[in-house]
Colleague: 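Got a structure for you, written out below as structure tokens; questions coming shortly.
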Amino acid sequence: MANQDEKLVKSEASFMRLRTSPKMRSLKGFYRKLKRNRAALVGGYLIILLMIIATIGPFFLSHGINDVDYTVRLQPPSSEFWLGTDHNGRDIFSRIIYGAQITLIVGFLSVIFGGVAGVVIGIVSGYYGGKIDAVIMRIMDVLLAFPGILLALAIVSILGPSIINVIYAVAIYSVPSFARIVRGSTLATKELEYVDASRALGASDFRLIFKHILPNVTSPLIVQATLSIATAILTASGLSFLGLGAQPPSPEWGAMLNDGRGYMYDSGYIALFPGLAIVLAVLAFNLFGDGIRDALDPKTK
Amino acid sequence: MTVENILEIKNLKTYFSLDKDRVVKAVDGVSYVVPKGKTLGIVGESGSGKSITALSVLRLVDEPGEIVDGEILFKGEDLVKKKVSEMRKIRGNQISMIFQEPMTSLNPVHSVGKQIKETLHIHEDLIRQEANHKALDLLKLVGIPSPEKRLTQYPFELSGGMRQRVMIAIALACNPELLIADEPTTALDVTIQAQILELIKELQAELHMSVMLITHDLGVVAETCDFVAVMYAGKVVEYADVDTLFESPKHPYTVGLLNSLPRHDIKMEELTPIKGMVPSPFEMPEGCRFAPRCPFATALCQEKLPDLEKKENGQEVRCWIYTDEWDGEEVKVYEPNATT
């Protein structure tokens with residue numbers, strides 16, 4: 001009996017730890033939970049692998065990304081060209097490695113931009129409420145009513161096709177989802193007694209928002225950010241595929257997919273490998289995002 | 001010798017306008033004083049407006065609540081007229097508040113030390129080392145065992161009683177002149193309750209501050225307070241010093257509260273509860289608000305609201321029975337059932 005009680009107390013303690021303490025203990029517990037979810041762990045390792053490839057990969061390549069050589073065009077995979085060559089005789093493997101850099105930068109930057117804007121909008125909206133909230137959230141609803149890729153398409157058409165503008169476009173269309181999540185958590189958090197308590201001790205709005213509310217909305221935020229990176233990568237590749245993003249000869253994966261489009265029947269690998277790369281990157285972020293959502297959810301053990 | 005009052009609330013009205021024609025008069029013309037260096041207990045059922053009065057003092061009533069009338073004089077200055085930024089300097093610095101739920105009144109993501117230092121940070125210019133020192137001193141002051149260790153701990157690592165001690169430490173960080181404690185012991189075990197009340201009492205004497213203790217526990221009042229204000233449905237019905245209140249309560253509601261409380265000093269056969277419920281804020285009786293539940297109520301009580309009138313010993317009571325207009329027969333509102 002006593003043993004059982006002890007166990008209960010222990011499990012409760014570890015549960016509380018996970019939810020409340022942001023320091024090492026919780027990180028450890030978080031990792032332990034994440035480890036139980038194989039798929040998420042695979043996703044996490046894939047992301048790390050992608051990052052390593054993107055940062056140091058280009059230094060180990062024997063072929064340049066723009067080494068045009070018409071004598072070796074449309075070569076199938078071989079020991080010389082691991083993933084074959086495209087219609088200009090460029091090595092697809094090298095281009096994919098370089099492309100990883102572009103993909104990750106686009107994914108992270110657009111989510112950082114969109115996330116920061118969304119967090120500020122969401123917190124202000126949720127904290128102040130009333131008319132400000134109503135106006136802001138209606139604007140967000142309008143943005144949310146557009147299918148993401150369509151909105152990004154419209155924004156890029158206005159700004160002009162380039163990979164930088166794709167980052168802006170994806171950032172803008174990810175703002176509403178961040179804003180809504182943060183607003184929801186803010187609404188819940190600001191009713192908690194410790195917010196009242198610190199207001200009663202003379203804390204300003206600014207302090208309340210950044211010291212007391214923001215740290216308590218981080219877990220849904222991390223999940224949303226991870227999943228958003230996957231969407232951002234997909235949208236960016238999509239826009240590049242449509243010719244609105246990265247411009248040739250950039251080795252962006254979506255653009256490479258477009259390059260290979262004309263040779264689908266004879267040399268399918270030109271489109272296949274960049275496509276696989278996109279799938280892998282998106283899958284990695286999605287799996288990892290799902291995994292941390294489960295790990296941060298206090299209801300799962 | 002006149003007693004100086006640190007806080008004087010005069011005819012305070014805090015209303016919540018839910019929509020155009022529905023207004024909840026949570027605090028409806030409340031007046032009382034907190035004498036300097038003394039403890040005022042505010043007693044009343046849930047919904048009697050005692051917490052809203054306290055929040056009004058700090059001007060922390062949330063929308064759609066609003067102070068519509070009245071004065072709150074803190075050291076002679078009207079808090080109702082203060083600017084938001086001026087209020088912020090008063091909160092936590094000159095007037096502090098501790099809340100009912102020690103479990104949720106601390107932010108779970110910051111360490112105890114950080115939260116104590118935060119208040120110091122807001123109101124005082126201290127370098128880091130001084131702040132650390134002061135935080136440690138505060139924890140020692142509120143009697144937490146091994147205070148050095150607690151500084152780096154998180155709220156979930158502490159028990160309810162310890163958390164309430166931490167809350168008190170935070171509230172006392174800037175040596176406030178008035179401490180408002182909103183049911184500080186309700187969520188705690190009885191033994192811990194006694195410790196916390198004892199602590200507040202000790203600290204009050206040590207730091208010469210005034211305390212406003214909101215509670216619904218008359219036992220707590222008897223133990224800790226110097227003066228008592230009894231509130232019912234948004235109004236003060238009786239105000240007296242603690243001895244007078246327990247020896248000769250005047251208002252039938254106060255008497256009802258005392259009769260529903262087991263006492264050691266008087267032999268009681270059984271407890272008598274007050275019948276009925278607090279009237280809904282939308283259907284306030286026109287006359288005395290306690291009339292529907294009052295065993296002595298007459299036609300006069302149903303029709304007209306009595307004023308809060310001064311009696312001997314500084315006792316104030318809002319009841320027709322003690323006025324010349326009383327139309328009923330003579331009644332003895334309070335009769336101790338037996339001698340000690």
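The structure presented is a predicted model; accordingly, all values stated were derived computationally and were not measured. Atoms considered below: every heavy atom in the structure, side chains included; atoms not considered: hydrogens, waters and symmetry mates. So you know, we letter chains A, B, ... as the sequences are listed, proteins then strands, and number each from 1.
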Colleague: Has A/F108 got more than 12 heavy atoms of other residues, nucleotides or ligands less than 6.0 Å from its CZ?
Modeller: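 Enclosed: over 12 neighbouring heavy atoms sit under 6.0 Å from CZ of A/F108.
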
Colleague: With a sphere of 6.0 Å drawn around CG of B/D19, does it hold more than 12 non-hydrogen atoms of other residues, nucleotides or ligands?
Modeller: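 Above 12, so yes.
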
Colleague: Tell me the residues of residues 208-220 of chain A whose non-hydrogen atoms fall below 4.5 Å from those of chain B, in number order.
Modeller: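 Against chain B, the residues of residues 208-220 of chain A that fall inside the cut-off (heavy atoms, under 4.5 Å) are A/K211, A/H212, A/P215, A/N216.
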
Colleague: Who in residues 189-207 of chain A is close to chain B, using a strict under-4.5 Å heavy-atom cut-off?
Modeller: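 When heavy atoms of chain B are the reference, residues 189-207 of chain A contributes A/E193, A/Y194, A/D196, A/A197, A/R199, A/A200, A/L201, A/G202, A/A203, A/S204, A/R207 within the under-4.5 Å range.
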
Colleague: Which atom pairs, one a donor and one an acceptor, fall under 3.5 Å between side chains of residues 133-140 of chain A and the rest of the protein, sequence neighbours left out?
Modeller:
unit_1: A/D133; atom_1: OD1; unit_2: A/S125; atom_2: OG; d: 2.5
unit_1: A/D133; atom_1: OD1; unit_2: A/R183; atom_2: NE; d: 2.7
unit_1: A/D133; atom_1: OD2; unit_2: A/R183; atom_2: NE; d: 3.4
unit_1: A/D133; atom_1: OD2; unit_2: A/R183; atom_2: NH2; d: 2.9
unit_1: A/R138; atom_1: NE; unit_2: A/D141; atom_2: OD2; d: 3.1
unit_1: A/R138; atom_1: NH2; unit_2: A/D141; atom_2: OD2; d: 3.1

Colleague: If you draw a 6.0 Å radius around CD in B/Q129, do more than 12 non-hydrogen atoms from other residues or ligands fall strictly inside?
Modeller: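 No - once you tally the heavy atoms of other residues, nucleotides and ligands closer than 6.0 Å, there are 12 at most.
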
Colleague: With only heavy atoms counted, which part of B/L106 is less than 4.5 Å from chain A, the side chain, the backbone, both or neither?
Modeller: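 The backbone, not the side chain.
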
Colleague: Would you say B/R88 has more than 12 foreign heavy atoms packed within less than 6.0 Å of its CZ?
Modeller: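 Check passes, neighbour count above 12.
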
Colleague: Of the backbone (N, CA, C, O) and the side chain (C-beta and beyond), which part of B/T119 lies under 4.5 Å from a heavy atom of chain A, both, or neither?
Modeller: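 Just its side chain gets close to chain A.
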
Colleague: So which bits of residues 166-183 of chain B come within less than 4.5 Å of chain A, counting non-hydrogen atoms only?
Modeller: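 Checking residues 166-183 of chain B against chain A gives B/M167, B/I170, B/A171.
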
Colleague: Using a 4.5 angstrom heavy-atom cutoff, name the option from B/E101, B/M97, B/H121, B/M87 with the most pairs to chain A.
Modeller: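 Looking at each option in turn, the highest pair count goes to B/E101.
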
Colleague: Top residue by heavy-atom pair count (under 4.5 Å) with chain A, among B/I95, B/I90, B/L60?
Modeller: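 Heavy-atom pair counts peak at B/L60.
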
Colleague: Taking OH in A/Y128 as the centre, count heavy atoms belonging to other residues, nucleotides or ligands within less than 6.0 Å. Is the count above 12?
Modeller: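 Yes, the 6.0 Å shell around OH holds more than 12 heavy atoms from other groups.
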
